[in-house]
Colleague: 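Structure below; questions to follow.
The chains referred to below are lettered A, B, ... by the order of the sequence lines, with proteins before strands, and numbering in each begins at 1. As a basis for the values below, the full set of heavy atoms in this structure was taken, side chains included, without hydrogen atoms, waters or symmetry mates.
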Number of protein chains: 2
Amino acid sequence: MNTAFKALSDPTRRRVLELLKQGPRSAGELADQFDVSKSTMSAHFAILREADLVMSEKQGKSVVYQLKMTVLEDALLGFARAFGWELTPTQTSEDKT
Amino acid sequence: MNTAFKALSDPTRRRVLELLKQGPRSAGELADQFDVSKSTMSAHFAILREADLVMSEKQGKSVVYQLKMTVLEDALLGFARAFGWELTPTQTSEDKT
DNA sequence: TCGTTATTTAGCCAAACGTCGAATTGTTGT
DNA sequence: ACAACAATTCGACGTTTGGCTAAATAACGA
């Protein structure tokens, strides 16, 4: 859970997760949305992977990333509950994993 | 909001906030709960202050810290909403500020 | 005014972070 | 086999972080 919070402490990585919320994206597609080098982005991906917040799958020449919603939820929830909050879903088209 | 996430990325600081959830505490009282020097703790407090997650008030020789619940809530909520979650209070003795 | 207590500031260090360009690995099409 | 493309790995760099000790500041009580 600490790795998750560390991962969330960077705005770039938070935005990556938000993009991934819409659905799976390749490393390149994601990187195109940011103003840093691909290798920098690759490092960010590694941190997100290490925190188990995303899954990666090689598809042809690309690597496709996918958000692990439940892991993100658990991390947030674990903290929120310590402060007397619950995390309830607002009606939205639900995503997988 | 980024300062808030940065502040939350350290486990010591998260635990400080949890302690503060129970009510106001002096710098010394808080520091006693941790295995690091008082000056190190003072640095953590400064980061929490900078992120506006806590208020500090000099009371005699002590400095009393208090959690700014609404600020914490807003930071968390802002992020959670991007993922289709709402932050709802579970029944608990409510705290101030 | 002194000495004690409480906290912060200053100065330092090692480790971690975010970034880059260059080199490397893996996959596809010719 | 080779060239083109996608992504990661590999140093290198400057900055930030978390930790320390020692010194400075602030408030009290005797």
Colleague: For Glu50(B) and dT8(C), what is the distance between atoms CD and C1' respectively, to the nearest whole Å?
Modeller: 15 Å
Colleague: Regarding Ser42(A) and Ser39(A), do their side chains bring together a donor and an acceptor under 3.5 Å, going by distance alone?
Modeller: no
Colleague: Atom NZ of Lys61(A) and atom C1' of dG29(C): how far apart are they, to the nearest Å?
Modeller: 7 Å
Colleague: With respect to the phosphate group of dC20(D), does any side-chain polar atom (N or O) of Ser37(B) fall under 4.0 Å of OP1 or OP2?
Modeller: yes
Colleague: How long is the line joining CD of Glu29(B) and P of dT5(C), in whole Å?
Modeller: 17 Å
Colleague: Roughly how far, to the nearest 0.5 Å, is the CD1 atom of Ile47(A) from the NZ atom of Lys6(A)?
Modeller: 10.0 Å
Colleague: When you match Thr12(B) and Ser62(A) each to their closest nucleotide on DNA chain D, which lands nearer the 5' end?
Modeller: Ser62(A)
Colleague: Output the rounded distance in Å from CZ (Arg25(A)) to C1' (dA6(D)).
Modeller: 18 Å
Colleague: Between atom CG in Asp32(A) and atom P in dC5(D), what is the gap in whole Å?
Modeller: 14 Å
Colleague: Can you tell me if His44(A) touches the phosphate of dT19(C), counting only side-chain N or O atoms and a distance under 4.0 Å to OP1 or OP2?
Modeller: yes
Colleague: Could you work out which one of dA27(D), dA7(D), dG18(C) sits closest to the side chain of Lys58(B)?
Modeller: dA27(D)
Colleague: Roughly, in whole Å, what's the span from CD in Gln59(A) to C1' in dT8(D)?
Modeller: 18 Å
Colleague: Side-chain N or O of Ser39(B) less than 4.0 angstrom from OP1 or OP2 on dT8(C)?
Modeller: no
Colleague: Check the distance between dG18(C)'s P and Leu8(A)'s CG and give it to me in whole angstrom.
Modeller: 12 Å
Colleague: Would you tell me if any nitrogen or oxygen in the side chain of Ser26(B) comes within less than 4.0 Å of OP1 or OP2 on dT7(C)?
Modeller: yes
Colleague: Do you know the tightest heavy-atom contact between Asp52(A) and Val71(A)?
Modeller: O-CG1, 3.4 Å
Colleague: Calculate the interatomic distance between Lys38(A) atom NZ and dC10(D) atom C1'; express it in whole Å.
Modeller: 19 Å
Colleague: Can the ring centroids of Phe5(B) and Phe5(A) be said to lie less than 6.0 angstrom from one another?
Modeller: no
Colleague: Would you please confirm or rule out a distance under 4.0 Å between OP1 or OP2 of dT8(C) and any side-chain N or O of Arg49(B)?
Modeller: yes
Colleague: Would you classify Ser42(A) as touching base, sugar-phosphate or nothing, given that sugar-phosphate means primed atoms plus P, OP1 and OP2, and contacts are heavy atoms under 4.0 Å?
Modeller: base
Colleague: For Tyr65(A), answer base if it contacts any base atom (sugar-phosphate contacts may also be present), sugar-phosphate if it contacts only those atoms, and nothing otherwise; contact means non-hydrogen atoms under 4.0 Å.
Modeller: sugar-phosphate
Colleague: Measure the spacing between CD of Glu57(A) and CD of Gln59(A) and express it to the nearest 0.5 Å.
Modeller: 5.0 Å
